[in-house]
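Working notes, beginning with the structure itself.
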There are 2 protein chains.
Amino acid sequence: MATDSSGTESKPPVRHHDNYEKRLSLILKAASKIIARDGFAGASVRDVAAKGKIGLSGIYYYFESKDELLYAIQRHSFSTLVSLLKERLETCYSPEDKLKAVIDNHFQFFVKNRDEFRVCVHEMESLSGKYYKTVLKIRQEYFQLVRGVIDEVLRGSKDETDLTALFLFGSLNWVYMWYDPEKNYDVDKLSSQYLRVLLNGINKSQEL
Amino acid sequence: MATDSSGTESKPPVRHHDNYEKRLSLILKAASKIIARDGFAGASVRDVAAKGKIGLSGIYYYFESKDELLYAIQRHSFSTLVSLLKERLETCYSPEDKLKAVIDNHFQFFVKNRDEFRVCVHEMESLSGKYYKTVLKIRQEYFQLVRGVIDEVLRGSKDETDLTALFLFGSLNWVYMWYDPEKNYDVDKLSSQYLRVLLNGINKSQEL
DNA sequence: ATATTATTCGAACGAACGTTCGATTCATAG
DNA sequence: CTATGAATCGAACGTTCGTTCGAATAATAT
């Protein structure tokens with residue numbers, strides 16, 4: 001990750017032009033859109049290039065392969081998700097508040113980054129090798145974070161905490177299959193309702 | 001779908017050999033395995049053919065295209081899921097019993113048809129046109145069936161019922177991402193626990 | 001046994017894919 | 001202004017893809 005660490009060979013330092021970063025994130029945005037629409041295997045680098053207003057071979061100046069493109073999207077998105085959650089959790093005290101922060105954070109990230117979210121959830125297993133392992137680590141960090149919060153609320157057995165966490169992730173991640181931005185859901189209301197169901201079950205949902 | 005209905009041209013009646021059906025379902029089984037592993041876009045007809053112990057072109061004697069292969073898997077699986085649920089619901093009386101039947105049925109179908117389940121959930125949007133519409137109808141029938149049951153339990157607003165149904169589907173469908181057959185979960189226990197969480201929430205899960 | 005037709009196969013097609021490469025353009029440093 | 005290297009491009013490579021087709025095989029009916 002370091003731009004210039006000593007290897008066996010001294011590499012010439014790379015001085016990027018001013019809009020290198022903008023181009024890069026433009027390509028990432030385009031790739032997210034295309035991959036979200038066609039799936040990773042179904043998406044073509046040519047389509048990504050077209051959407052990103054760059055030539056086909058231009059992509060390979062910024063990324064060494066199609067795989068690295070997916071890797072970059074997932075790594076960046078998951079890292080952001082973890083960072084945002086950590087920040088939020090610091091200002092929470094009760095276990096229930098933390099759980100609400102988890103749900104809020106997840107939903108909000110989804111709403112603000114629909115394509116990236118979809119690519120992260122739907123293409124979890126499209127990577128392999130080094131790329132897969134690196135992303136898996138971040139995903140696991142996120143899972144453990146959420147698992148810890150659930151454990152605080154639940155204080156049950158390990159198995160129960162695990163299962164509850166998996167149920168939670170299921171509901172949260174499934175959202176991209178039915179959420180319609182046209183209908184303009186209130187995200188706060190969405191996560192509040194979900195928190196209530198999770199805490200009190202649907203039998204009590206009439207109250208309040 | 002009819003083998004011999006009057007069209008503009010009279011078609012010669014097709015008399016299949018004895019193991020036509022067995023071959024067909026063997027190919028479907030093979031296709032489910034390959035598509036579950038590689039995704040629909042990533043799966044090659046050649047791999048399906050190899051897994052199904054048939055030549056590449058042999059596939060096209062049974063199916064007219066790769067799309068129809070996916071269509072056949074989804075149509076058959078969703079139809080089965082709906083039929084099984086309908087059967088079960090007939091022997092249930094209380095709303096809670098019905099809800100348990102829904103969850104049980106879904107989990108059990110998953111455990112007994114892992115590849116097909118995955119293909120149904122993960123490749124929902126890989127079809128288009130006529131194929132997509134037909135499968136969508138069955139899916140919607142299933143959704144309405146489940147929605148009705150939830151409504152009986154919940155007796156809340158339309159929005160609340162819809163959201164709860166979507167949460168439910170999320171958790172249920174996500175299972176293929178974490179279920180490990182080696183660990184030999186007790187499916188009954190799984191669905192019981194899920195029913196309890198759904199009904200009473202995690203705050204009460206200590207009891208019982 | 002022979003005719004019929006359901007079934008299988010090998011070989012090939014054009015299209016689309018990911019990736020590479022040398023030339024070219026552009027921005028920046030001196 | 002000139003030189004340097006970052007950035008872009010067009011064209012092509014070799015592979016793999018879904019699908020087709022005519023010939024070969026296997027099963028059934030007469």
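Naming convention: chains lettered A, B, ... in sequence-line order (proteins, then strands); numbering from 1 in each chain. Computed over heavy atoms, backbone and side chain alike; hydrogens, waters and symmetry mates excluded.
Between A:Tyr61 and D:dT8 there is no side-chain N or O to OP1 or OP2 distance below 4.0 Å.
Remark: C1' of D:dA26 and CD1 of B:Ile54 are 13 Å apart, rounded to the nearest angstrom. For the pair A:Phe63 CZ and D:dA7 C1', the interatomic distance rounds to 15 Å; values are reported in whole Å. The distance from atom CD1 of A:Ile34 to atom C1' of C:dC17 is 15 Å, rounded to the nearest whole Å. Rounding to whole angstrom units, CZ of residue A:Arg15 and P of C:dA29 are separated by 10 Å. The OH-C1' distance, from A:Tyr62 to D:dA6, rounds to 9 Å in whole Å.
When the side chain to side chain donor-acceptor pair (under 3.5 Å) test is applied to A:Asp159, no partner is found at least two apart in sequence or on another chain. The ring-ring contact (aromatic ring centres under 6.0 Å, His included) check on B:His17 picks up nothing, with sequence neighbours excluded. Take A:Glu125 and apply the salt bridge (charged side-chain N to carboxylate O under 4.0 Å, His left out) test, not counting sequence neighbours, and it matches B:Arg118. Legend: residues meeting ring-ring contact (aromatic ring centres under 6.0 Å, His included) with B:Phe110, ordered by chain and number and at least two apart, are B:Phe117, B:Tyr179.
Not less than 6.0 angstrom separates the ring centroid of B:Tyr71 from the ring centroid of B:Tyr132.
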Listed pairs under 3.5 Å, donor-acceptor, residues 76-85 of chain B side chains, sequence neighbours left out:
unit_1	atom_1	unit_2	atom_2	d
B:Ser77	OG	B:Ile73	O	2.9
B:Ser79	OG	B:Arg75	O	2.7
B:Thr80	OG1	B:His76	O	2.7
B:Ser83	OG	B:Ser79	O	3.1

List the atom pairs, donor and acceptor, that lie under 3.5 Å between side-chain atoms in residues 30-43 of chain B and the rest of the protein, sequence neighbours left out.
unit_1	atom_1	unit_2	atom_2	d
B:Ser32	OG	B:Leu28	O	2.8
B:Lys33	NZ	B:Asp115	OD2	3.3

With a 3.5 Å cut-off and sequence neighbours excluded, list the donor-acceptor pairs that the side chains of residues 136-144 of chain A form with protein atoms.
unit_1	atom_1	unit_2	atom_2	d
A:Glu141	OE2	A:Lys86	NZ	2.7
A:Tyr142	OH	A:His106	ND1	2.6

Can you give one letter per nucleotide of nucleotides 17-22 of chain D, going 5' to 3': B for a protein heavy atom under 4.0 Å from the base, S for sugar-phosphate only, - for none? BBBBB-
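Sorted by residue number, the members of residues 16-33 of chain A with any non-hydrogen atom under 4.0 Å from DNA chain D read A:His16, A:His17, A:Tyr20, A:Arg23.
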